[in-house]
Amino acid sequence: AQSVTQLGSHVSVSEGALVLLRCNYSSSVPPYLFWYVQYPNQGLQLLLKYTTGATLVKGINGFEAEFKKSETSFHLTKPSAHMSDAAEYFCAVSHVIMNRDDKIIFGKGTRLHILP
Amino acid sequence: DVKVTQSSRYLVKRTGEKVFLECVQDMDHENMFWYRQDPGLGLRLIYFSYDVKMKEKGDIPEGYSVSREKKERFSLILESASTNQTSMYLCASSPAFYEQYFGPGTRLTVT
């Protein structure tokens with residue numbers, strides 16, 4: 001069975017500081033991994049995804065994430081936080097061989113607060 | 001760009017009413033999903049559909065039903081709304097069971 005754990009339901013960083021949002025997954029087969037962002041009163045927007053190939057993936061708005069198989073992690077980073085990054089972030093996992101009963105599994109989300 | 005639209009952004013209904021939430025996608029995706037989102041609980045899958053007239057129960061289907069008569073449209077039905085169904089409802093579509101594209105959400109309040 002697959003699962004996703006996001007460490008920290010709330011994370012606060014100062015404007016200009018490094019953003020690090022942690023995600024660990026559990027999957028018995030090679031995973032597809034995703035990060036989504038949700039701004040207040042909006043739907044989820046795909047930030048980036050890992051499927052195969054390069055383990056460091058770059059997404060929109062300057063975010064990137066690195067797939068580390070040995071650590072079963074897919075942490076999201078951004079070198080310098082901006083006030084507009086304040087939002088809720090969701091990590092999600094699916095796996096390569098999907099059948100009708102398989103779904104994407106979402107973490108419970110991490111709310112990112114940017115301090116001026 | 002993929003576009004997923006939902007019929008209402010905000011909705012207020014009374015207990016016992018029948019409620020229809022509509023979702024339309026314009027990218028010919030096979031798969032469509034309905035989630036509800038509540039603070040501290042993340043996204044919970046209510047129902048999904050991988051083809052017209054097909055539906056599968058998600059993790060919390062009780063109190064809900066769905067309809068998919070056309071490929072682009074997936075409706076969520078609350079047969080008799082209750083206060084514990086007050087929530088944000090999110091529709092999504094995908095070309096396969098990979099990344100999903102979300103609509104803007106419907107914030108439903110049942111009084």
Side-chain angles (χ1 to χ4, degrees), chain A residues 1-10 21 23-25 27 29-53 57 59-60 65 74 87-111, chain B residues 1-11 21 23-25 27 29-51 54-61 87-109:
Chain A
Q2 297 172 295
S3 66
V4 178
T5 302
Q6 291 185 240
L7 297 176
S9 57
H10 292 265
L21 303 183
C23 173
N24 288 89
Y25 70 91
S27 178
V29 295
Y32 282 9
L33 295 158
F34 311 91
W35 274 101
Y36 285 85
V37 61
Q38 185 182 33
Y39 299 103
N41 293 314
Q42 295 187 26
L44 276 68
Q45 178 184 3
L46 184 66
L47 262 183
L48 49 80
K49 64 181 179 183
Y50 167 79
T51 53
T52 58
V57 293
I60 61 173
F74 191 57
E88 190 157 19
Y89 293 80
F90 293 89
C91 183
V93 62
S94 67
H95 64 257
V96 175
I97 301 173
M98 304 291 291
N99 61 38
R100 294 293 191 197
D101 294 329
D102 290 329
K103 304 173 285 288
I104 290 179
I105 306 300
F106 287 89
K108 293 196 183 307
T110 297
R111 187 168 295 278
Chain B
D1 279 351
V2 176
K3 190 165 185 181
V4 180
T5 57
Q6 295 183 228
S7 50
S8 304
R9 293 299 306 275
Y10 299 93
L11 207 54
L21 303 182
C23 176
V24 178
Q25 51 96 0
M27 284 302 293
H29 287 169
E30 294 182 350
N31 308 308
M32 297 188 75
F33 307 82
W34 275 106
Y35 296 89
R36 64 177 284 176
Q37 183 180 19
D38 301 288
L41 298 178
L43 275 71
R44 292 182 290 170
L45 182 64
I46 304 172
Y47 269 97
F48 64 104
S49 168
Y50 53 84
D51 202 352
M54 303 300 290
K55 60 185 179 184
E56 296 282 349
K57 292 180 179 180
D59 301 317
I60 52 164
S87 186
M88 171 72 105
Y89 289 87
L90 294 167
C91 176
S93 72
S94 74
F97 285 93
Y98 303 136
E99 69 260 33
Q100 296 180 6
Y101 298 86
F102 284 81
T106 296
R107 189 167 292 281
L108 173 67
T109 302

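A, B, ... follow the sequence lines: proteins, then strands. Residue 1 opens every chain. Note: hydrogens, waters and symmetry copies are ignored here, and every other heavy atom, side chains too, is used.
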Under 4.5 Å from any heavy atom of chain A, what part of [X] do you find: side chain, backbone, both or neither?
X       : value
B/Arg44 : neither
B/Met54 : neither
B/Leu90 : side chain

Between [Y] and [X], is there a side-chain heavy-atom distance shorter than 4.5 Å?
X        : Y       : value
B/Gln100 : A/Tyr36 : yes
B/Gln37  : A/Phe90 : yes
A/Gln38  : B/Leu43 : no

* **Within residues 42-49 of chain A, residues adjacent to chain B where the heavy-atom gap is under 4.5 Å** => A/Gln42, A/Gly43, A/Leu44, A/Leu46, A/Lys49
